[in-house]
Amino acid sequence: MICTVALLQETLSGVVIFSSKEAIQHQGITLAMDGVVSLQLSAKSVGVFEAFYNSVKPIQLISNSIEVTKAGKLPSGRTEIPFEFPLKVKGSKVMYETYHGVFVNIQYTLRCDVRRPLLAKDLTKSCEFIVHSLPQKGRLTPSPVDFNITPDSLQNVKERSTLPRFAIRGRLDSTNCVITQPLTGELVVENSDIPIKSIELQLVRVETCGCAEGYARDATEIQNIQIADGNICRSLSIPIYMVFPRLFTCPTLETTNFKVEFEVNIVVILQDDHLITENFPLKIYRF
């Protein structure tokens with residue numbers, strides 16, 4: 001089965017391909033489309049929200065089926081049957097963009113069923129198709145962020161007096177991001193008493209699942225990119241450049257039962273294994 005990437009309010013189109021050495025009798029061929037949001041809790045939250053599994057079941061976004069062909073016979077060799085499926089939801093339901101997360105998963109599948117005569121086994125084949133949300137109109141307003149990382153600017157530090165002296169400055173060109181364009185900026189190490197081992201850029205997903213009892217919020221890493229290796233030259237501009245990975249990111253999403261948000265961490269690792277982290281929340285859009 002071959003199908004295309006589809007935009008919301010468009011038509012999902014493709015081809016069902018059958019290959020057989022001999023003719024096949026069938027009682028009809030159908031296609032079924034399903035879109036589901038699957039939610040689950042992390043191990044640390046299972047005991048906290050015992051009612052979660054009863055109150056939050058998989059959320060059905062879309063469910064449709066069509067008959068491709070009535071009962072008959074498929075000839076030997078290769079047979080191609082084209083199809084079209086309108087992406088229309090019923091009532092007030094909303095289709096979200098495809099997203100593969102850890103605790104939130106938004107997935108759309110297409111299943112083809114070939115019903116066979118009494119003693120023959122039915123044939124079933126499924127495949128995932130990707131849904132992109134409609135691009136927003138207008139232009140995105142950039143939101144540049146300048147940052148300075150020093151011992152005094154760090155939070156969650158128990159003994160600030162034991163920290164080495166360092167000064168790092170930089171800029172993110174925008175924390176309002178277009179999903180099809182890279183996150184860019186620059187970073188400059190002004191000084192550091194202890195040599196630097198590595199500088200990394202970490203993209204993080206923040207998934208929130210909830211019910212009447214409360215919400216469970218979990219942050220997990222999507223990808224980690226090293227932008228500098230070793231004790232780099234001081235006052236040298238280091239470019240920041242990160243592409244948002246397909247499927248593992250989506251436009252920032254907030255609903256009644258779940259939220260999908262994103263953050264980026266700039267992580268500086270010193271030779272003595274001190275870890276310096278600066279966090280920046282991101283808003284991702286599709287334009």
Exercise for the section: Might you work through the side-chain hydrogen bond (donor to acceptor under 3.5 Å, both in side chains) test for S20 and S76, ending with a clear yes or no? Expected result: CA-CA 5 Å; S20 175; S76 59; over 6 Å; no

Problem - Candidate pair E97 and R286, rule salt bridge (Lys or Arg N to Asp or Glu O under 4.0 Å), full reasoning - result: CA-CA 10 Å; E97 184 159 325; R286 185 175 292 280; 2.5 Å; yes

Practice task
Apply side-chain contact (heavy atoms from CB on, under 4.5 Å) to Q202 and E221, showing your working.
Solution key: CA-CA 7 Å; Q202 182 187 47; E221 180 185 292; 2.7 Å; yes

Exercise for the section: Any chance you could lay out the side-chain hydrogen bond (donor to acceptor under 3.5 Å, both in side chains) test for E84 and S13, step after step, and finish with the verdict? Expected result: CA-CA 4 Å; E84 286 190 350; S13 60; 5.5 Å; no

Handout entry: Intermediate values then yes/no, salt bridge (Lys or Arg N to Asp or Glu O under 4.0 Å), E190 and R169
Key = CA-CA 7 Å; E190 297 287 1; R169 63 176 174 84; 2.2 Å; yes

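Heavy-atom contacts from other residues, nucleotides or ligands closer than 6.0 Å to CZ of R160 number more than 12.
We find that D122 and R116 are not joined by a salt bridge, their nearest charged nitrogen and carboxylate oxygen being 4.0 Å or further apart. Taking the charged nitrogens against the carboxylate oxygens, R115 and D113 have no contact shorter than 4.0 Å, which rules out a salt bridge.
F166 is listed as a side-chain neighbour of P151, based on a closest heavy-atom distance under 4.5 Å. Residues V260 and T252 are not in side-chain contact: their nearest non-hydrogen atoms beyond the backbone lie 4.5 Å or more apart. L201 places none of its side-chain heavy atoms less than 4.5 Å from the side chain of Y241. In this structure the side chain of N176 reaches within 4.5 angstrom of the side chain of S143, judged on heavy atoms.
A search for side-chain hydrogen bond (donor to acceptor under 3.5 Å, both in side chains) contacts involving E261 returns nothing, not counting sequence neighbours. Shown here are the salt bridge (charged side-chain N to carboxylate O under 4.0 Å, His left out) partners of D34, two or more places apart in sequence or in another chain: there are none.
Applying the ring-ring contact (aromatic ring centres under 6.0 Å, His included) test to every pair with at least one member in residues 254-287, sequence neighbours left out, gives these pairs: Y96-F258, F147-F280.
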